[in-house]
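Scroll down for the structure; my scribbles are underneath it.
Just so it is clear: chains get the letters A, B, ... in the order the sequence lines come, proteins before strands, and each one is counted from 1.
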There are 2 protein chains.
Amino acid sequence: MSINPERYLKSLHDLRQFGASGIGKGVIRPAYSDTDIAARKWLADQMREAGLTPHFDPVGNLFGLADGPSILLGSHSDSQPEGGWLDGALGVMAALEVARSADVPVSVVSFQDEEGRFGVTTGSAIWSGNLSLEQAEGLKDHAGVPFAQARACLGDLAGEFVDPAQFSGYIEMHIEQGPTLDAEGEQIGVVTEIVGIRDMKITFDGQQNHAGTTPMHLRRDAFQALSAFNTELNDRFRNVVTPRTVWTIGHVSLHPNASSIVPGRVTFSMQWRDGDGDRLNRMEKIVRATASDIASKKAIEVGFGPLLGLEPVAMDMKLQAALVSAAEKVAPGKWRKMPSGALHDATNVAELMPVAMLFVPSIGGISHAFEEDTDEADLVAGLHVLSGAVNSLS
Amino acid sequence: MSINPERYLKSLHDLRQFGASGIGKGVIRPAYSDTDIAARKWLADQMREAGLTPHFDPVGNLFGLADGPSILLGSHSDSQPEGGWLDGALGVMAALEVARSADVPVSVVSFQDEEGRFGVTTGSAIWSGNLSLEQAEGLKDHAGVPFAQARACLGDLAGEFVDPAQFSGYIEMHIEQGPTLDAEGEQIGVVTEIVGIRDMKITFDGQQNHAGTTPMHLRRDAFQALSAFNTELNDRFRNVVTPRTVWTIGHVSLHPNASSIVPGRVTFSMQWRDGDGDRLNRMEKIVRATASDIASKKAIEVGFGPLLGLEPVAMDMKLQAALVSAAEKVAPGKWRKMPSGALHDATNVAELMPVAMLFVPSIGGISHAFEEDTDEADLVAGLHVLSGAVNSLS
């Protein structure tokens with residue numbers, strides 16, 4: 001069967017119907033939600049129709065397996081709490097179209113919880129051994145739901161973990177989720193390395209009290225501690241970071257979160273990313289020292305949650321070369337080599353086999369938002385590069 | 001019938017059963033919750049047994065009316081999201097015990113939503129005219145529930161507003177909610193004035209994006225704007241405030257509040273209090289200017305919610321004198337005159353009639369928390385001062 005861009009584009013729109021929300025082509029399909037599970041059942045049917053054997057593992061990673069040895073293509077089909085229609089979904093539907101048409105055996109995967117409801121790329125981290133199932137069971141989402149409870153929704157679907165020895169390598173196609181390709185008018189990015197990431201929750205415990213009667217100098221205000229920590233951290237990072245380093249406080253939970261009460265406790269997320277593992281470690285020391293110094297200065301307690309993280313990962317040279325050749329054929333002069341600032345499942349899969357990645361542009365660099373989108377011409381160019389690279393590997 | 005401290009203490013414990021929660025003597029009984037309405041129905045029965053006529057007004061303020069002209073005593077029976085057993089409840093149950101035993105006609109009131117689910121002292125603000133019912137209908141709580149919807153739970157209970165002309169004055173007994181009386185080993189505070197308050201919601205709208213691929217210098221991060229605003233505001237306030245001035249960011253709502261997303265929006269509460277109305281106005285100008293400056297510097301939008309506020313209020317000299325005489329009899333040498341740093345319903349009622357207040361100590365100065373408590377001896381001393389003052393007014 002020959003490759004069919006129309007069928008591939010239609011399948012992306014079909015998948016978007018599971019959790020279609022918000023403006024534009026927005027999607028709400030977080031891991032283990034009803035819509036996520038419904039989408040995975042639909043994907044399993046699509047895999048079966050493509051001649052693959054669908055298989056769910058214990059944490060909800062969904063494989064469409066070819067008979068015998070194969071190359072593995074895919075990404076993830078869960079979304080951010082407010083996400084777009086392409087983040088993850090693109091790589092899964094492109095994989096399925098290539099599996100239908102390739103000259104070589106191709107298996108397909110949709111990893112579970114790449115978006116980190118329970119941490120960081122949870123499903124592929126467990127499959128790869130970067131995170132043990134036992135450790136994972138204790139993880140909780142922001143609402144306090146334990147991972148073990150969330151994955152129980154799989155019920156009878158859940159089978160054994162898949163043996164990675166049957167796969168010769170893994171290629172993941174993804175939107176860039178950054179501004180570079182779009183700004184330069186390019187269609188394809190061949191990824192050279194994926195940056196590393198660290199993510200932890202930090203808690204400041206002060207004293208909850210009345211916002212009218214507690215003098216400022218006697219307060220042990222958890223929000224003021226958070227604000228002082230953030231200001232001080234930005235300052236201390238300056239001598240350590242590069243222009244490519246990023247850090248984010250994206251989740252804040254104040255307690256009791258009422259306008260007339262001095263907040264007694266805050267829990268927040270602290271995440272940082274960089275291509276250099278040593279720099280990530282130096283930043284961790286600064287995070288911990290800054291939080292401890294602020295806590296001590298303000299007479300409050302500080303608590304650190306478990307540190308989740310992944311090291312920077314280089315892409316396999318042979319797979320990269322195959323993508324480069326295909327890119328030059330499909331989009332001559334309109335592709336580049338580039339690092340990935342975003343984390344991907346490929347980071348974990350690199351523990352098990354050679355991996356590579358290719359990017360297509362994100363319009364305006366926007367992702368993790370309803371507005372996320374990519375030109376159809378670029379979506380199709382990516383499909384052709386993936387297909388060309390896979391067929392060159394026989 | 002003579003005054004009965006045991007009956008009064010028992011009635012406080014009985015009221016606590018509605019919403020008893022958390023550690024110590026904690027209570028969760030927010031305005032218009034099922035437990036709040038159940039407590040008010042129980043209070044109405046208590047009023048009837050004390051010979052008063054219970055009456056709910058359109059917003060859930062509950063009066064126990066004496067026949068003919070009377071003095072009004074009371075406070076509120078709703079609690080903070082996590083509150084103690086005495087904040088408000090004390091003044092209501094003391095009023096009821098004095099109504100049972102006084103030589104003069106006494107009416108009792110429990111105001112609704114003093115704790116500000118929908119703003120600031122909502123029930124007494126509407127009764128006094130400080131807030132029109134029409135304006136109030138549009139107010140929303142932090143979960144987005146409109147006031148009109150919350151008060152609809154009253155159903156057939158809701159009657160007309162009560163005519164304030166029948167009351168010669170209002171006395172409210174309350175816990176201090178601050179550290180002064182407890183630290184000094186005193187039993188009674190006679191309030192001289194209540195500080196004024198301003199409260200508004202502020203929103204920063206930036207750009208939600210991926211936390212791995214968006215370079216720091218291109219971010220429009222709403223949390224970073226909040227932190228910068230807080231730091232700058234603390235600095236700009238320094239030349240304006242006194243040691244008695246307080247300001248608080250107690251509620252923060254980040255959107256979408258996920259660790260891998262640069263937050264695109266934050267809504268937070270900004271509250272400040274002082275005994276000087278001019279200072280409150282100067283602080284408002286600084287709040288608005290600082291937020292606008294930060295928004296402009298960080299290329300984000302700022303939005304200001306409606307400003308809710310109450311002016312500082314002096315207590316009536318005659319009622320104050322009655323409390324002073326009674327305090328000197330009940331607790332000679334162990335009472336003081338003092339301002340109220342906390343806001344109370346008396347602030348609103350002052351629009352309608354002469355008002356006064358008395359405080360009993362808060363152990364450790366703690367309130368708006370489960371741990372809030374007061375020695376029984378001080379609770380009883382307060383009852384005797386209130387009773388003595390009321391009987392001296394005949």
Below 4.5 Å from any heavy atom of chain A, which atoms of [X] appear? Answer side chain, backbone, both or neither.
X	answer
Ser340(B)	neither
Glu176(B)	backbone
Ile249(B)	both

With no hydrogens and no angle check, do the side chains of His255(A) and Glu82(B) hold a donor and an acceptor under 3.5 Å apart?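 Yes.
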Can you see whether Ser260(A) engages Gln271(B) through a side-chain donor-acceptor pair at a distance of less than 3.5 angstrom?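 Short answer, yes.
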With chain B as the partner, which of [options] has the greatest number of non-hydrogen pairs under 4.5 Å?
options	answer
Leu218(A), Thr248(A), Asp199(A)	Thr248(A)
Val266(A), Val252(A), Thr180(A), Thr214(A)	Val252(A)
Ser269(A), Ala211(A), Gly178(A)	Ala211(A)
Met216(A), Gln208(A), Glu115(A)	Met216(A)

Less than 4.5 Å apart, any side-chain heavy atom of [X] and any of [Y]?
X	Y	result
Gln80(A)	Ile261(B)	yes
Gln207(A)	Ile366(B)	yes
Asn230(B)	Gln224(A)	yes

What part of [X] lies closer than 4.5 angstrom to a heavy atom of chain B: side chain, backbone, both or neither?
X	answer
His210(A)	both
Arg219(A)	side chain
Ser253(A)	neither
Val195(A)	neither
Asp87(A)	neither

Identify the heavy atoms of Ser227(A) and Thr231(B) that sit nearest to each other, and give their distance. OG-OG1, 3.7 Å
I'd like to know whether CZ of Arg236(A) has more than 12 heavy-atom contacts from other residues, nucleotides or ligands below 6.0 angstrom.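 More than 12 within 6.0 Å, yes.
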Within a radius of less than 6.0 Å around NZ of Lys140(B), do more than 12 heavy atoms belonging to other residues, nucleotides or ligands occur?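 No.
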Go through [options] and name the one with the most non-hydrogen pairs under 4.5 angstrom from chain A.
options	result
Pro256(B), Pro215(B), Ala258(B)	Ala258(B)
Ser259(B), Gly341(B), Gly264(B)	Ser259(B)
Phe223(B), Phe268(B), Trp272(B)	Phe223(B)

If you round to the nearest 0.5 Å, how far is CD of Glu372(A) from CG of Asn209(B)?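 Here the rounded value is 10.0 Å.
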From Asp221(A) atom CG to Trp247(B) atom CH2, the distance as rounded to the nearest 0.5 Å: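 Taking CG in Asp221(A) and CH2 in Trp247(B), the distance rounds to 11.0 Å.
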